[in-house]
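One structure below.
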Amino acid sequence: MSSDSDPRVEAESTINDSYGTTIPAPIRHALDDALEPGDTVRWVISDGELSLEIVHEEYGAFEDADPFDGPAWESEAAAESAWSE
């Protein structure tokens with residue numbers, strides 16, 4: 001949220017028949033683009049209060065990892081017997 005905005009933003013949305021809802025535009029705008037398509041929202045109830053947390057998707061976590069082909073087997077039969085053990 002930007003520091004020059006009002007710290008409290010209120011908006012309402014309707015729950016549909018499948019219990020889904022849309023995050024209202026004033027809330028999305030108040031988050032200053034912190035919420036993006038593909039993110040997950042986590043609903044939390046603590047001490048009778050409901051809150052919503054944004055869970056950002058993390059991409060590229062293993063970008064620098066070297067490929068791993070597994071152990072070298074003497075033969076296909078050795079690999080198959082190790083698998084069945």
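Keep in mind it's a predicted model, so treat the numbers as computed, not measured. Below, each value reflects all heavy atoms present in this structure, side chains not excepted, and no hydrogens, waters or symmetry copies.
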Open item on the list: Counting C-beta onward and ignoring hydrogens, is there a side-chain heavy-atom pair between V41 and W43 closer than 4.5 Å?
Closed with: yes
Task: Spacing of CD1 belonging to I27 relative to CD belonging to E10, to within rounding of 0.5 Å - done: 8.5 Å
- [ ] Output the distance between atom CG (N16) and atom OG1 (T22), rounded to the nearest 0.5 Å.
- [x] 7.5 Å
- [ ] Mind listing the closest non-hydrogen atom pair of H56 and A34 along with its distance?
- [x] CE1-O, 2.6 Å
Open item on the list: Testing the basics here: between P26 and V9, what is the closest heavy-atom pair and its distance to 0.1 Å?
Closed with: O-CG1, 3.9 Å
Open item on the list: I'd like to know if the side chain of T21 reaches the main chain of T14, judged simply by a donor and an acceptor atom lying under 3.5 Å from each other, with no hydrogens or angles considered.
Closed with: yes
TODO: Could you tell me which residues satisfy salt bridge (Lys or Arg N to Asp or Glu O under 4.0 Å) with E49, sequence neighbours excluded, listed by chain and number?
DONE: none
Task: Other ILVMFWY residues reachable from I15 by side-chain steps of under 4.5 Å - done: Y19
TODO: Report yes or no: do V44 and L50 belong to one cluster of Ile/Leu/Val/Met/Phe/Trp/Tyr joined by side chain heavy-atom distances under 4.5 Å?
DONE: no
Open item on the list: I'd like to know if L31 and V55 are part of one continuous hydrophobic network [Ile/Leu/Val/Met/Phe/Trp/Tyr, side-chain heavy atoms within less than 4.5 Å].
Closed with: no
